[in-house]
2 protein chains.
Amino acid sequence: MAGRPVTPGTPGGTGSSGGGGVAGIKDVAAEARVSVATVSRVLNGNPAVRPDTRDRVHRAITALGYRPNGVARSLRTDQTRTLGLVISDVLNPFFTALARAVEDEARAHGYSVVFGNADEQPALEDHHVRTLLERRVDGLLLSPTDDNASQVAEVARSGVPMVFVDRWIPGCPDVPVVRTDGRAAIAALVGHLHALGHRRLAVITGPSTTTTGNERLDAFLDALDAHGLPTPGHYRQEGDFRAESGRLATARFLDLPDPPDAVFATDNLMALGAMDEIRSRALRVPEDIALAAFDDIPWFLHTDPPLTAIAQPTEELGHSAVRALVSLIEGRPARSVTLTADLVPRRSCGE
Amino acid sequence: MAGRPVTPGTPGGTGSSGGGGVAGIKDVAAEARVSVATVSRVLNGNPAVRPDTRDRVHRAITALGYRPNGVARSLRTDQTRTLGLVISDVLNPFFTALARAVEDEARAHGYSVVFGNADEQPALEDHHVRTLLERRVDGLLLSPTDDNASQVAEVARSGVPMVFVDRWIPGCPDVPVVRTDGRAAIAALVGHLHALGHRRLAVITGPSTTTTGNERLDAFLDALDAHGLPTPGHYRQEGDFRAESGRLATARFLDLPDPPDAVFATDNLMALGAMDEIRSRALRVPEDIALAAFDDIPWFLHTDPPLTAIAQPTEELGHSAVRALVSLIEGRPARSVTLTADLVPRRSCGE
DNA sequence: ATCCTCCATGTAATCGTTTCCATGAACTCC
DNA sequence: GGAGTTCATGGAAACGATTACATGGAGGAT
C-alpha cells in the first residue's frame with residue numbers, strides 16, 4: 001500500500017547508494033572509477049572494454065556484492081526471461097512431472113518459470129493468466145481448464161507468445177499445441193480388456209469442456225464400437241479430473257443393477273478415487289472389477305493390485321512445449337507437436 | 001541478446017503508443033483526456049478523483065485493453081509482490097503439497113510465487129536463489145538442500161526477508177523456521193513396531209547435511225534406545241531422499257546375513273524405492289519385512305499393503321511459512337513455528 | 001607533421017510507472 | 001467581498017538499468 005517515500009536526493013550525486021541500501025550500478029561505477037555505461041558493458045559481455053577496466057569492474061562488483069536489478073533491466077530491454085505456466089492441478093502427479101520438465105528445459109534456455117495452479121477452476125486460471133501478463137512474462141504455457149476462450153483472446157491481443165500443452169482450446173489456429181494422442185493406446189486398452197473377457201466397460205471422463213476429456217471419451221467409444229461392445233449411457237460418468245469425482249462416479253457404477261466389470265478412469269486422480277470406493281465396498285480388483293487409468297505414475301507399480309495405465313511421454317511433452325514457446329519468443333515460427341501414449345498392462349485388468 | 005532498438009521518439013509526444021505496441025498509461029491518459037497522474041490514481045484506488053473522471057478513465061482502460069506494466073510498477077515502488085520458493089524436489093508429493101499450500105496462502109495475501117526446483121542439488125539451489133534475488137522477489141522461502149550457508153549469507157546481505165520451511169540451516173538466528181517436529185511420532189512408530197514384535201529395526205536416513213535427515217535419525221536412535229533395542233551401524237543407510245537411494249539401501253539391508261525385520265524410510269520417495277526392491281525379491285510386507293515412511297500421501301492408502309506413515313500437517317506448514325514471510329516483508333517481526341506430526345498406522349508393519 | 005581511423009569510454013535519453021508538489025477553481029466564513 | 005480551505009488535477013522527477021551517440025586519444029598512412 002504505502003510504497004517507498006521518494007526522497008529528492010542530490011542531483012548528479014552518488015545516486016542509489018546513499019545510505020545503506022543495496023548497491024546499484026552507480027555504486028559499482030564509482031567504486032571502479034568508470035561510468036555506468038562501462039559497468040553495463042561488462043555486465044553484458046560487450047567486448048569493447050579493455051581487459052584491465054573489465055577486471056576493475058569485476059573487482060568492484062564482488063567488493064560491493066552487487067547484483068543487477070532484473071526489474072530495471074526488464075523494463076529497459078522489454079524482456080523478463082520468464083515463462084508463465086498455468087497448469088490445471090499441481091497435486092496431480094502428471095502435471096507435477098510436466099512442470100518439472102518445463103522448468104528443466106526453460107532453465108536450459110535461460111528462462112525462469114512462474115507457475116500458476118488453476119486447481120481446475122476457470123476463475124483461478126483467469127486470475128493467473130492476468131497476473132502473468134501484468135508481470136510481462138515473455139511467453140505463456142497454458143493447459144486450459146475449460147474451453148472458454150476469453151482469456152486466450154486477451155493473451156493473443158497482448159501479443160504474448162503462447163503454446164497450449166496437454167489440453168487446448170479449439171479454434172485457435174495461431175496457438176501451437178503440444179500434446180499426446182491417446183487414441184491408439186486407448187484402443188489397445190479396450191482390446192486388452194476385451195481379450196481378458198471384460199464386456200461391460202465403463203468410463204469416467206474428464207469435463208466435457210476439456211479437449212482431453214472429449215478425446216479420451218471419443219477414443220474409448222470408438223474402440224468399444226470396433227469390438228461390437230455396447231455403450232450404454234449409464235456406463236459413462238463425467239468427473240472433474242480429481243479423486244473425489246472418481247470415487248463418486250465409481251459409486252454410481254457399483255450401485256447399478258448391472259454394474260460394469262471394468263472401469264477406465266481418464267486420469268490418475270480419478271483412478272485413485274475409484275480405488276477408494278472399490279476398497280470401501282470390499283470388492284477385489286480385478287476379480288470383481290477391472291480398473292485402468294490414463295496417465296501412469298510410479299506409485300501405480302505398488303498399488304494393490306498394480307494398475308494398468310496409459311503412459312504419456314511427460315518429459316518430452318514439457319521439453320517440446322518449451323522449445324516451441326522459445327521459438328515463438330525469438331520470432332521463429334513454431335509447429336504443433338503430437339506425441340503418442342503407450343499402454344502399460346499390469347494386473348488390475350486380469351492376468 | 002539483441003534487445004529492442006531505441007528510437008529517439010518525439011519529445012513530449014504520445015509516448016509509448018506510437019504504432020501498434022501495447023497500450024501504456026500515456027495512451028490511456030490521452031484517450032481519457034487526463035494526465036498520467038490521474039490515471040495512476042484511478043489504478044491505485046486513490047479516492048481523490050472525481051467519480052466522472054474515474055469513469056472516463058475506466059472506459060479508456062477497457063477501450064484500449066490496457067494492462068498495467070508490472071515491471072515498471074515494481075521498479076518504481078521497489079516491490080514485486082512476488083515470493084520465491086526454492087524446494088528440494090518437485091516430484092516429491094510432500095513438496096508438491098507444500099508448494100500448493102504456499103501458493104494458496106500467498107495468493108490470499110496478493111503475492112505470486114516463483115518456484116525453483118533444486119532437485120536435491122546444492123548447485124541448482126544456488127542458481128535459483130541467485131535468480132530469484134536478481135528478480136527482486138519480496139521474500140524467500142527456502143528448504144535448504146544442504147547445510148552450506150553461503151547462499152544464505154548472500155540473501156541476508158541482500159536484505160531480502162527469508163523463512164526456512166521444513167528444513168533449515170543451523171546458526172541462522174535471524175531466519176524464522178517453520179517446520180514439523182517428528183520426534184514424538186517417530187517414538188510412537190518405534191513403539192508400534194516393538195509392540196508388533198519387531199526387534200531388528202533399520203533406517204534409511206536423508207543426507208546428514210540436512211536437518212530433517214539428522215533429526216529423524218536422532219529421534220529414531222533415541223527411541224530404539226528407550227526400548228533397549230540395539231542400533232548396529234549396518235542397520236543405518238544414508239539415502240538422498242529419492243527413490244533410487246531407497247532401493248539401494250534396502251538392497252544392502254536384505255543382503256545382510258541378519259537382515260532387519262523392519263525398515264523405516266525417512267521420506268516417501270525412499271519408501272517407494274524400498275518397496276521396489278522388496279517386490280523384486282518376491283518378499284512380502286509385513287510378513288517378511290515391515291515398512292514405514294515419513295510423510296504420508298494419498299497413495300499410501302492403496303499400496304500393497306497400505307503403508308504406515310508419519311503425517312505432517314503440510315498445508316498448515318505452507319500457510320504458516322507464508323504468514324511468517326509476509327510479516328517480515330511488511331516490517332513486522334516473525335516467530336518460528338513448530339508443528340507436530342502424527343503416526344498413521346496401517347498394515348505395512350503388521351496387524 | 002597532418003589527417004584519418006579506430007578504439008575505449010562517457011553523457012544522456014529512455015523504458016512505464018508512482019508520487020511530490022504546484023496550480024487554480026470552487027467553497028466557506030466573517 | 002476578500003481571505004483562507006479544500007479539492008481535483010497536472011507537471012515533472014525519480015526508480016536502475018541499456019544503449020545510441022559524442023568525445024578524445026593513440027596509431028597509421030601519406
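Any value given below was found using the heavy atoms of this structure, including those in side chains, with hydrogens, waters and symmetry copies removed. Naming convention: chains lettered A, B, ... in sequence-line order (proteins, then strands); numbering from 1 in each chain. What you are looking at is a predicted structure, and each value in this text was computed from that prediction instead of being measured.
Residue Asn69(A) places no side-chain N or O under 4.0 Å from the OP1 or OP2 atom of dC15(D). Between Thr53(A) and dT9(C) there is a side-chain polar atom (N or O) within less than 4.0 angstrom of OP1 or OP2.
Within the nucleic acid shown, Val34(A) comes within 4.0 Å of sugar-phosphate atoms alone, with no base atom in reach, counting heavy atoms only. Residue contacts shown for Val49(A) are limited to sugar-phosphate atoms, with no base heavy atom under 4.0 Å away. At the heavy-atom level, Ser40(B) lies under 4.0 Å from base atoms of the strands shown.
Distance CG (Asn44(B)) to P (dC20(C)): 12 Å, rounded to an integer number of Å. Protein atom CZ of Arg50(A) is 14 Å distant from nucleotide atom P of dG25(D), rounded to whole Å.
Contacts classified as salt bridge (Lys or Arg N to Asp or Glu O under 4.0 Å) and involving residues 98-109 of chain A (residues at least two apart or in different chains) are given here: Arg100(A)-Asp104(A), Arg100(A)-Asp119(B), Glu103(A)-Arg107(A), Asp104(A)-Arg107(A), Glu105(A)-Arg323(A).
Nearest-nucleotide positions on DNA chain D place Arg56(B) closer to the 5' end than the other of Ala72(B) and Arg56(B). A residue-by-residue look at Ser35(B) and Arg136(B) shows that Ser35(B) has its nearest nucleotide of DNA chain D further toward the 5' end.
Between Arg135(A) and Thr82(A), the side chains place no donor N or O within less than 3.5 Å of an acceptor N or O (distance only, hydrogens not considered).
For Lys26(B), taking side-chain heavy atoms from C-beta onward, the closest of the listed nucleotides dT17(C), dG10(D), dT18(D) is dT17(C).
Remark: the Arg76(B) side chain and the dT17(C) base include no donor-acceptor N/O pair separated by less than 3.5 Å.
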